[in-house]
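A short write-up of the structure that comes next.
Side-chain atoms are counted along with the backbone in the values below, which use heavy atoms only and exclude waters and symmetry mates. The first residue of the sequence shown is numbered 1, and numbering continues consecutively from there.
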Amino acid sequence: MHRPTALGGALTALATAAAGVLVAAAVSTSPAAAAVGGTGTGYLRTNGNKIVDSTGATVRLTGINWFGMETDNKTFHGLWSNNPWRGQLDKMASLGYNTLRIPYSNDALKPGATASGINDFVNPDLVGLSPLQILDKVIDYAGSKGMRVILDRHRPTSAGQSPLWYTSTVSEATWINDWKMLAQRYAGNPTVIGADLHNEPHAEGTNPAATGACWGCGDTARDWRLAAERAGNAILGVQPNWLIFVEGVSCPSGGLSNVWDNDPSNDEDCGWWGGNLSKAKDFPVRLNVANRLVYSPHEYATSVYEQSWFKAPDYPANMPAIWDKYWGYLHKQNIAPIMMGEFGTTLADPRDKVWLENLMAYTGTGVNGMSFTYWSWNPNSGDTGGIALDDWTNVNTAKQAILQPYLIPPVGGGGTGSPTASPTGSPTDSPSPVGACTATYKQVNAWQGGFQGELTVKNTGPAAVNPWSVTWSWPSGVTLASGWNATVTQSGTTVTAAGPTWSPSLAPGASVTIGFTANGAASAPGTVKLGGTAC
């Protein structure tokens with residue numbers, strides 16, 4: 001989360017929910033596919049102020065934060081809602097968010113850590129899983145949709161943020177070792193592209209008695225730039241393909257200005273927590289692997305704190321110069337890429353709408369614009385709200401409308417797509433040759449009153465099915481609860497799974513796996529058809 005320099009700021013409102021105790025078998029998932037198209041191919045690296053893929057093509061990360069793993073729940077918030085976890089990722093991808101920034105605390109990584117706040121009826125496949133196992137599943141599914149993932153060490157413990165990267169109970173060694181563990185866990189999986197080392201380093205104490213995170217002061221116990229080098233190089237020693245995302249500080253001295261002592265030497269210009277990279281040019285982060293450094297400032301509106309610049313007579317014309325000073329110069333001078341890791345607002349104040357519109361315009365349009373991950377998907381962020389509304393399904397259209405022109409949607413692989421997209425046509429639009437498909441069904445879970453399954457349909461014909469649509473029948477009394485990897489609907493005893501608008505074609509030899517949960521007695525799909533022709 002985010003807080004301003006001058007005071008503690010508003011804490012994220014932490015929603016809680018009771019999880020059930022239904023026992024269900026864990027689902028075994030395959031490694032996430034390499035992202036293609038919207039987020040490039042293979043691992044990413046930097047080139048000047050650009051992020052590029054393994055072919056050298058420019059990639060713009062236009063993502064969103066989904067928090068919760070840093071809180072007492074130790075897993076994603078909203079798993080208590082009626083929208084299944086896959087449905088939420090489907091919605092994010094369909095809206096155009098191609099990257100997921102995932103905050104965590106070191107508490108969630110401890111052996112024996114327990115995830116809570118999970119609706120076991122809606123998400124039976126998550127019951128009994130550890131926070132890391134749930135993270136595995138989210139990463140796997142996000143990767144199948146062409147999304148990328150950035151891991152964010154948000155807090156040392158679930159209790160709250162810290163000005164420094166270590167505390168009296170969580171050492172620097174723990175911080176680095178946990179990062180190395182995560183780098184090893186996801187080595188070889190290009191869905192996970194990097195590490196946001198520590199969230200919002202900031203000032204503490206009053207100058208000249210500063211005790212918070214400084215930039216370039218040379219004190220190894222407080223110099224965030226030096227700590228970022230130590231952690232970044234340790235991670236790159238394990239996983240040299242990752243990007244290292246480094247946030248700013250709030251005040252380069254690491255202490256708050258004392259404006260009452262009449263000593264100008266103790267006063268300095270400060271910005272948002274994590275948002276001040278004004279010293280990064282003079283004191284750059286030095287990594288042992290070239291082309292891996294991305295600077296990641298945070299930027300907020302009046303709903304978080306009313307900074308002086310929001311009250312200036314020339315607002316908002318004054319804002320580009322402020323952004324230039326704190327972090328934008330790094331992009332404009334081709335020093336390094338910018339990935340704005342957090343920015344957000346409730347839009348309650350009319351000035352905030354102006355701020356968001358101007359900030360997005362400042363980042364630039366198209367693939368050459370600065371990367372970003374919006375805060376947040378969650379509606380329960382106390383001082384910003386979210387893109388999702390309180391039902392975790394519908395969307396704040398006012399915010400989305402401002403962000404939409406800057407979003408570059410992910411391009412999924414393997415025929416997977418967004419169940420939130422509209423069906424592309426009827427099953428008779430493009431009939432397949434007779435016998436040109438195969439269908440395989442696997443029951444994943446079953447419980448009293450319901451079950452979960454996966455139906456894999458392969459196009460064995462000589463031509464693409466475009467648009468593709470799969471239908472099957474269920475006995476009377478079996479009803480669809482949720483579906484993913486397609487737009488899944490039910491009419492009577494017939495279920496239809498239609499491909500998404502952005503990936504409507506199922507090529508020869510390609511297959512799609514349609515997942516679902518259903519109410520009623522466990523039943524295999526009957527009379528499966530692809531494009532109107534029985535498999």
What I want to check is whether the side chains of Trp377 and Gln88 have a donor and an acceptor closer together than 3.5 Å.
yes

Step by step, would you call Trp242 with Tyr43 a ring-ring contact (aromatic ring centres under 6.0 Å, His included)?
CA-CA 7 Å; Trp242 268 15; Tyr43 281 105; 8.6 Å; no

Could you tell me how the ring of Tyr441 sits relative to the ring of Phe516: parallel (under 30°), tilted (30 to 60°) or perpendicular (over 60°)?
parallel

First locate atom NZ of Lys91, then atom CG of Asn83, and finally report the distance between them rounded to the nearest 0.5 Å.
8.0 Å

Lys458 NZ: over 12 foreign heavy atoms closer than 6.0 Å:
no

Quick check: Trp179 with Tyr104 (ring centres under 6.0 Å apart)?
yes

Will you find, in the side chains of Asp352 and Thr345, an N or O donor that is under 3.5 Å from an N or O acceptor?
yes

Between Lys399 (side chain) and Gly386 (backbone), is there a donor-acceptor pair under 3.5 Å?
yes

Under 3.5 Å, is there a donor-acceptor pair between the side chain of Thr373 and the main chain of Gly63?
no

So, does Gln490 use its side chain to make a donor-acceptor pair with the main chain of Leu480 at under 3.5 Å?
yes

Under the criterion side chain to side chain donor-acceptor pair (under 3.5 Å), I'd like the reasoning laid out for Thr363 against Arg60: C-alpha separation, chi angles, the key distance, then a yes or no.
CA-CA 11 Å; Thr363 67; Arg60 186 181 193 182; 2.9 Å; yes

So, are Asp90 and Lys145 salt-bridged, with charged N and O less than 4.0 Å apart?
yes

Is Arg185 salt-bridged to Asp136, cutoff N-O under 4.0 Å?
yes

Whether Asn98 side chain and Thr39 backbone form a donor-acceptor pair below 3.5 Å:
no

Should the pair Trp474 and Trp472 be assigned to parallel (<30°), tilted (30 to 60°) or perpendicular (>60°) ring geometry?
perpendicular

Tyr374-Phe343 aromatic ring centre distance below 6.0 Å
yes

